[in-house]
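Quick notes on the structure that follows.
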Number of protein chains: 2
Amino acid sequence: MADDAVVERFRAFLRERSLPVTSQRLTIAGLLLNAPGHLSAEDVAALVRDTGHAAGLATVYRTIDLLVESGLVVERDFGEGFRRFEPARDVPRHEHLLCSVCGAVEEFRDDRIDEITRNIAAARGFSRERHRLVIHGVCRACQRKAPAIDRRLS
Amino acid sequence: MADDAVVERFRAFLRERSLPVTSQRLTIAGLLLNAPGHLSAEDVAALVRDTGHAAGLATVYRTIDLLVESGLVVERDFGEGFRRFEPARDVPRHEHLLCSVCGAVEEFRDDRIDEITRNIAAARGFSRERHRLVIHGVCRACQRKAPAIDRRLS
DNA sequence: ATAAATGCAAAGGGTTTGCAAAGGC
DNA sequence: GCCTTTGCAAACCCTTTGCATTTAT
């Protein structure tokens with residue numbers, strides 16, 4: 001995993017910038033770039049530890065910054081009080097559903113959103129850079145568990 | 001302003017809960033509920049000071065919590081690292097445009113967004129609570145100033 | 001050898017909380 | 001008078017930064 005295609009692209013990015021290719025950077029990149037997505041910085045740090053590697057939290061943050069600058073990772077803010085990061089591979093214009101019970105994130109894509117936001121922005125004389133749409137709710141799995149809890153509480 | 005209709009509703013909310021009606025609470029409610037919208041907690045605290053009143057920042061936060069619980073104020077998170085609050089009066093389902101230069105917030109409404117998110121959630125077995133759509137870009141006013149800056153930088 | 005990255009701990013911004021003093025009911 | 005709020009400062013969470021040490025080039 002430390003030498004797969006997407007990590008190679010990060011390595012190339014570092015070389016272009018004449019930045020040292022350190023083992024921490026490769027470890028973090030290898031894990032985050034191949035993760036299923038939507039990890040917090042702490043999640044990444046935990047992954048590093050769990051795979052038997054070592055990297056301080058500050059280094060995780062600093063490496064994530066580089067991955068974002070390289071365009072290989074994108075930053076997400078779901079209003080949870082912390083940021084999440086996902087590999088750019090998945091990015092081509094998708095939106096998110098966030099489960100308010102378990103924090104799970106699902107993705108969806110709908111071209112109408114893009115078109116609508118484009119039109120709205122144009123009508124307001126707004127130069128649109130991007131948009132963020134998040135649907136908050138309860139995922140299927142948590143709904144199955146929820147009724148029992150509701151009964152207990154009421 | 002301290003005794004307008006919407007502040008009366010807050011007063012009623014406090015009474016229902018048997019909570020003391022303090023001058024700080026009325027001041028904060030009167031200012032926030034009648035504000036043009038999208039204020040941070042610090043904005044509210046500054047408003048309090050600027051109108052010759054006094055209330056500690058902690059009290060501002062605590063009172064905002066009550067206003068949110070009462071449903072008279074809604075909380076917004078535009079990913080700026082802090083939260084904003086707006087009177088619920090404006091809320092009937094609107095979305096936001098956020099200027100990434102000056103931080104100005106504009107609102108718009110589009111019923112298709114609601115319908116689309118409803119359908120997406122249903123298709124995923126997601127019980128939808130709400131959604132948040134923010135268009136990030138540069139507002140008309142900032143675009144007028146930007147070209148000069150661009151030239152200066154390049 | 002040089003310049004940069006690392007790790008740790010301290011600082012930072014927004015927000016919350018503990019506790020003595022003040023105030024509504 | 002009892003119970004809650006208030007104000008202040010300390011604590012808190014996530015993130016960034018300063019600095020001595022280690023590492024890539």
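Per chain, numbering begins at 1; letters A, B, ... match sequence-line order. Atom set for the values below is all heavy atoms of this structure, side chains included, hydrogens, waters and symmetry mates excluded.
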Rounded interatomic separation in angstrom, taking [atom1] from [X] and [atom2] from [N]:
X	N	atom1	atom2	answer
B:Asp43	C:dT15	CG	C1'	15 Å
B:Ile64	C:dT15	CD1	P	9 Å
B:Glu42	C:dT16	CD	P	12 Å

Going by side-chain hydrogen bond (donor to acceptor under 3.5 Å, both in side chains), name the residues that satisfy it together with [X], two or more places apart in sequence or in a different chain.
X	answer
A:Ser40	A:Asp43
A:Gln24	none
A:Glu95	A:His131
B:Arg140	none

Next item on the list: Determine which pairs satisfy salt bridge (Lys or Arg N to Asp or Glu O under 4.0 Å) with at least one residue from residues 12-35 of chain A, sequence neighbours left out, and list them in order.
Entry: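 Pairs touching residues 12-35 of chain A that pass the test: A:Arg17-A:Glu69.
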
Checklist line | Positions of residues 68-81 of chain A (non-hydrogen atom under 4.0 Å from DNA chain D), listed by number | finding: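 Nucleic-acid contacts, sorted: A:Gly81.
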
Check the interface with nucleotides 2-5 of chain C: list each N/O to N/O pair with the protein under 3.5 Å, or write none.
{"from": "C:dA5", "atom 1": "OP1", "to": "A:Arg25", "atom 2": "NH2", "distance (Å)": "2.8"}

Check: Which residue lies toward the 5' end of DNA chain C, B:Ala41 or B:Ser23, if each is placed at its nearest nucleotide?
Finding: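 Result of the comparison: B:Ala41.
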
Nearest atoms (heavy-atom pairs only) where [X] meets [Y]:
X	Y	answer
A:Val6	A:Leu72	O-CD1, 4.0 Å
B:Asp114	B:Thr117	O-OG1, 3.0 Å
A:Val74	A:Ala88	CG1-CB, 4.3 Å

Next item on the list: Would you grab the first and last nucleotide of DNA chain D (5' to 3') that comes under 4.0 Å of any non-hydrogen atom in chain A?
Entry: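 Counting from the 5' end, contacts occupy D:dC14 to D:dT25.
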
Next item on the list: Run the salt-bridge test on B:Arg11 and B:Glu8 with the 4.0 Å N-O cut-off and return the result as yes or no.
Entry: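 Salt bridge between B:Arg11 and B:Glu8, a charged N being under 4.0 Å from a carboxylate O: yes.
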
Margin query: Using 0.5 Å steps for rounding, measure from the NE2 atom of B:His38 to the CD atom of B:Glu86.
Written below: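 CD of B:Glu86 is found 4.0 Å from NE2 of B:His38.
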
Notebook entry, point to check: Does B:Tyr61 have a side-chain nitrogen or oxygen under 4.0 Å from the phosphate oxygens OP1 or OP2 of C:dT16?
Noted result: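 The answer is no; no side-chain N or O of B:Tyr61 sits under 4.0 Å from OP1 or OP2.
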
Check: Can you tell me if the side-chain N/O atoms of B:Arg83 get under 4.0 Å from OP1 or OP2 in C:dT16?
Finding: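 B:Arg83 to C:dT16 OP1/OP2: side-chain N or O found under 4.0 Å.
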
Item checked: Toward the 5' end of DNA chain D, by each residue's nearest nucleotide, A:Val21 or A:Arg84 ->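 Looking at DNA chain D, the more 5' nearest nucleotide goes with A:Arg84.
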
Next item on the list: Specify the residue among A:Ala58 and B:Thr63 whose closest nucleotide of DNA chain D lies further upstream toward the 5′ end.
Entry: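 Nearest nucleotide further toward 5': that of B:Thr63.
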
Next item on the list: Go through the structure and list residues passing ring pair (Phe, Tyr, Trp, His ring centres under 6.0 Å) with A:Phe78, not counting sequence neighbours.
Entry: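 For A:Phe78, the residues satisfying ring pair (Phe, Tyr, Trp, His ring centres under 6.0 Å) (neighbours in sequence not counted) are A:His96.
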
Checklist line | side-chain hydrogen bond (donor to acceptor under 3.5 Å, both in side chains) partners of residues 45-58 of chain A, not counting sequence neighbours, each pair once | finding: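 As it turns out, the side-chain hydrogen bond (donor to acceptor under 3.5 Å, both in side chains) pairs with a partner in residues 45-58 of chain A, which skip direct neighbours, are A:Thr51-A:His53.
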
Notebook entry, point to check: Who else is in B:Ile116's hydrophobic cluster (ILVMFWY, side-chain heavy atoms under 4.5 Å, direct or via others)?
Noted result: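 Under the 4.5 Å side-chain rule, B:Ile116 groups with A:Leu97, A:Phe108, A:Ile113, A:Ile116, A:Ile120, A:Phe126, A:Leu133, A:Ile135, B:Leu97, B:Phe108, B:Ile113, B:Ile120, B:Phe126, B:Leu133, B:Ile135.
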
Next item on the list: Give the angle between the helix axes at the two ends of the helix from C:dA1-D:dT25 to C:dC25-D:dG1, taking five base pairs at each end and rounding to 10°.
Entry: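 For the helix from C:dA1-D:dT25 to C:dC25-D:dG1, the axes at either end differ by 20°.
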
